[in-house]
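Note that these values count all heavy atoms, side chains included, but never hydrogens, waters or copies made by symmetry. Chain letters run A, B, ... following the sequence lines, proteins first and then strands; every chain starts at 1. What you are looking at is a predicted structure, and each value in this text was computed from that prediction instead of being measured.
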Number of protein chains: 2
Amino acid sequence: MDKAGIREVAKAAGVSISTVSRTFAHPEIVSEKTRRKVMQAADKLHFNISRSAAALKSGQTFRVALLMNEEITSWFNNEIFAGINSIMHEAGYDISIFQHIDTAETRRKFFVEMPVRRNVDAVFVASFAIDDKEVEQLKRINVPIIGINTPSVNGFDASVSIDDENGMYKAAQHLINLGHRHIVYACSAASETMDSSIDARGRGFIRACENAAATRPDLNWQVLTVPRGRDFADSALAALLALDSFPDAICCQMDMMAIPLVLKLERYGHRTPRDYSIIGFDDSPYADTINLTTMRQDPFAMGRTAAIKAVKLINGEQLETPHEIVQARLVLRESDALYQARK
Amino acid sequence: MDKAGIREVAKAAGVSISTVSRTFAHPEIVSEKTRRKVMQAADKLHFNISRSAAALKSGQTFRVALLMNEEITSWFNNEIFAGINSIMHEAGYDISIFQHIDTAETRRKFFVEMPVRRNVDAVFVASFAIDDKEVEQLKRINVPIIGINTPSVNGFDASVSIDDENGMYKAAQHLINLGHRHIVYACSAASETMDSSIDARGRGFIRACENAAATRPDLNWQVLTVPRGRDFADSALAALLALDSFPDAICCQMDMMAIPLVLKLERYGHRTPRDYSIIGFDDSPYADTINLTTMRQDPFAMGRTAAIKAVKLINGEQLETPHEIVQARLVLRESDALYQARK
DNA sequence: TTGAAAGCGATACCAG
DNA sequence: CTGGTATCGCTTTCAA
């Protein structure tokens with residue numbers, strides 16, 4: 001019943017619609033008196049400005065896309081999203097989320113459909129690589145493309161990534177420096193359909209171990225890969241317990257691997273740091289509660305950084321440093337100790 | 001350089017813009033041949049339809065608002081959001097998130113600003129109460145208002161809520177049935193500025209205990225309230241350890257209270273279920289990992305349910321059951337056991 | 001089945 | 001500082 005149009009407000013206030021428009025868009029160039037009149041009328045009529053109309057005129061959509069592999073309910077994705085939103089919401093943008101861009105089918109669907117059906121002012125790609133053809137398709141919509149933790153930065157207008165390789169290198173090095181002899185890297189298998197940024201962590205581990213092996217011939221290290229999926233941690237637990245000898249150090253691809261391991265290994269007589277050292281990656285919830293030594297990254301901050309870049313790009317500004325790399329930081333807690341031979 | 005307009009597509013395809021529009025909006029009423037021509041031209045020109053223009057015409061904004069107290073990074077809010085998004089995204093809507101509507105100031109700001117600046121087709125209110133005046137203000141924007149876990153359903157067009165009171169009643173009753181003598185309810189203080197749905201849990205606990213006390217005069221129960229904030233779990237831990245006698249059962253307001261407690265109490269010699277029973281509420285991450293008995297709720301499903309209602313409401317449909325209440329379910333794991341007198 | 005034309009609601013340029 | 005007016009890109013009768 002109440003269609004609070006700009007016109008009726010104009011009429012009620014006794015001014016033109018141009019003036020009403022100005023009152024909202026550029027209040028400073030409208031006379032104090034007129035402004036008050038308009039505002040009063042607007043209030044009385046429960047007038048809301050139409051974003052769609054404003055968007056149409058301006059050519060912007062005030063909407064950005066966020067592409068991610070897996071679900072938004074994962075710790076990482078959620079933090080990224082919250083970080084992006086903390087900037088974009090203030091700036092007047094909403095976020096359109098595209099989840100599970102992780103199978104050939106959903107990817108195809110996305111890259112065909114999204115440019116046509118959704119309109120966005122920028123697109124964020126989180127944690128996975130898109131190939132050249134896909135970049136090409138995205139470019140058609142002619143808006144900035146910002147990468148977050150993308151394995152390659154090719155075709156992106158801006159990006160912020162954590163140095164996964166080096167982060168895990170440091171984690172492994174820490175374990176090596178503690179004197180450990182038998183180190184295993186526990187990780188879930190890489191996806192076959194996509195190149196995920198997390199895969200670089202394994203390479204960091206291997207590099208550290210290979211380096212060390214040169215001067216430490218007694219160093220025994222191995223990569224233990226378990227299938228992806230809901231219970232990758234249980235799979236790793238089982239695989240670990242089935243080893244010829246239990247390792248004295250475990251390097252985990254992520255905290256979500258490490259946390260269940262320290263909790264459950266205890267039931268099998270392996271207690272950290274008494275019996276083995278373990279290190280995680282992420283510093284995600286409960287890492288501090290269980291005193292897990294881990295590599296900290298701050299995806300919320302990365303989301304913010306990416307969003308700030310996006311806003312600048314949208315506004316046509318140039319970026320000083322379009323591509324940023326951040327380092328993970330070792331946070332020492334109590335799941336690691338100097339190597340001691342088992343009695 | 002490339003302004004892929006509907007007009008140039010029309011020209012390129014040799015048809016009118018009406019036909020181009022129809023090809024996208026109602027493909028079925030366009031002849032096969034024409035449709036192909038149009039699609040081809042559209043492809044070639046990298047044409048993307050403008051949502052803003054479509055929205056303007058249709059009167060919809062294809063955007064909904066989600067109001068929540070606290071942050072979206074909490075487990076509950078994140079699940080709710082993911083649930084809503086799983087439906088709304090498919091239906092073509094994006095979600096505008098308003099966080100921290102939890103102080104007098106932010107609330108005022110929100111209720112004044114959002115109706116004016118943002119346009120939405122529906123608004124979701126998650127986990128807190130809004131007062132009559134605020135409902136009034138929301139109603140001005142004249143769109144459906146859907147509540148999720150709102151203490152009152154007053155003024156809402158639809159809602160889905162968990163029965164917090166009864167859920168916690170059941171949790172407490174379970175502990176009582178186990179024969180426990182000394183039960184404490186560990187919770188963080190209610191917010192002073194808002195009525196949160198979670199507050200009902202405490203009432204459920206109290207009701208169960210008062211009931212039981214009638215026939216069980218030896219039952220010793222108490223409510224242990226700690227300040228809200230980052231380290232409420234540590235506060236509770238300290239408070240628990242400072243009690244005259246350690247309880248034989250702990251009933252927790254939520255898993256995020258229970259999980260750190262079981263983990264940390266162990267260091268002080270209290271092990272569950274050997275020394276005490278403990279029950280959580282939520283069934284949130286790691287509850288299963290540590291074998292926590294808890295009351296399960298499914299916020300993702302609640303988000304979906306709410307979203308489905310919203311879509312119907314937006315489309316002018318009537319709801320069979322606008323207001324739904326769901327029950328939490330006891331999931332038995334291994335943090336509870338029959339009461340046994342301490343040696 | 002297709003085309004012409006009238007808006008949807010705001011913006012901004014150009015006069016006054 | 002304020003008022004007309006063309007315009008943004010699409011949707012939707014109404015005719016043909």
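- At whole-Å resolution of the value, CG in Leu56(A) and P in dC10(D) are 9 Å apart.
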Open item on the list: I'd like to compare against my own output: the B/S/- annotation of nucleotides 11-16 of chain D with a strict under-4.0 Å heavy-atom distance to protein.
Closed with: BBB---
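- Each of Ser52(A) and Ser31(B) was matched to the nucleotide of DNA chain C holding its nearest heavy atom; the match closer to the 5' end belongs to Ser31(B).
- Spacing between atom CZ of Phe62(B) and atom C1' of dC10(D) amounts to 12 Å, rounded to whole angstrom units.
- Applying the salt bridge (charged side-chain N to carboxylate O under 4.0 Å, His left out) test to every pair with at least one member in residues 77-87 of chain B, sequence neighbours left out, gives no pairs at all.
- Between the CZ atom of Arg51(A) and the P atom of dA10(C) there is a distance of 13 Å, rounded to whole Å.
- For residues 56-72 of chain A, the pairs satisfying salt bridge (charged side-chain N to carboxylate O under 4.0 Å, His left out) are Arg63(A)-Asp94(B), Glu70(A)-Arg228(A), with sequence neighbours left out.
- Summarising the geometry, the separation between NZ on Lys11(A) and C1' on dG3(D) is reported as 15 Å, rounded to the nearest angstrom.
- Put simply, CZ on Arg35(B) is 10 Å from P on dT1(C), counting in whole angstrom units.
- In this structure, Phe47(B) atom CZ and dG9(D) atom P are separated by 10 Å, rounded to whole Å.
- Not a single side chain to side chain donor-acceptor pair (under 3.5 Å) links Ser58(A) to another residue, sequence neighbours left out.
- Under the rule for a ring-ring contact (aromatic ring centres under 6.0 Å, His included), the partners of Phe62(A) that lie at least two apart in sequence or sit in another chain are Tyr93(A).
- Spacing between atom CD of Gln60(A) and atom P of dA12(C) amounts to 12 Å, rounded to whole angstrom units.
- Taking atom CD of residue Glu28(A) and atom P of nucleotide dA12(C), one finds them 12 Å apart after rounding to whole Å.
- Checking the phosphate oxygens (OP1, OP2) of dG3(C), a side-chain nitrogen or oxygen of Ser16(B) falls inside 4.0 Å.
- A distance of 11.5 Å separates CD1 of Ile84(A) from CZ of Arg304(A), quoted to the nearest 0.5 Å.
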Cut-off 3.5 Å, no hydrogens considered: what does the side-chain donor-acceptor table look like for residues 147-155 of chain B, sequence neighbours left out?
unit_1: Asn149(B); atom_1: OD1; unit_2: Ile162(B); atom_2: N; d: 2.7
unit_1: Thr150(B); atom_1: OG1; unit_2: Ser152(B); atom_2: O; d: 3.1
unit_1: Ser152(B); atom_1: OG; unit_2: Asn154(B); atom_2: N; d: 2.9

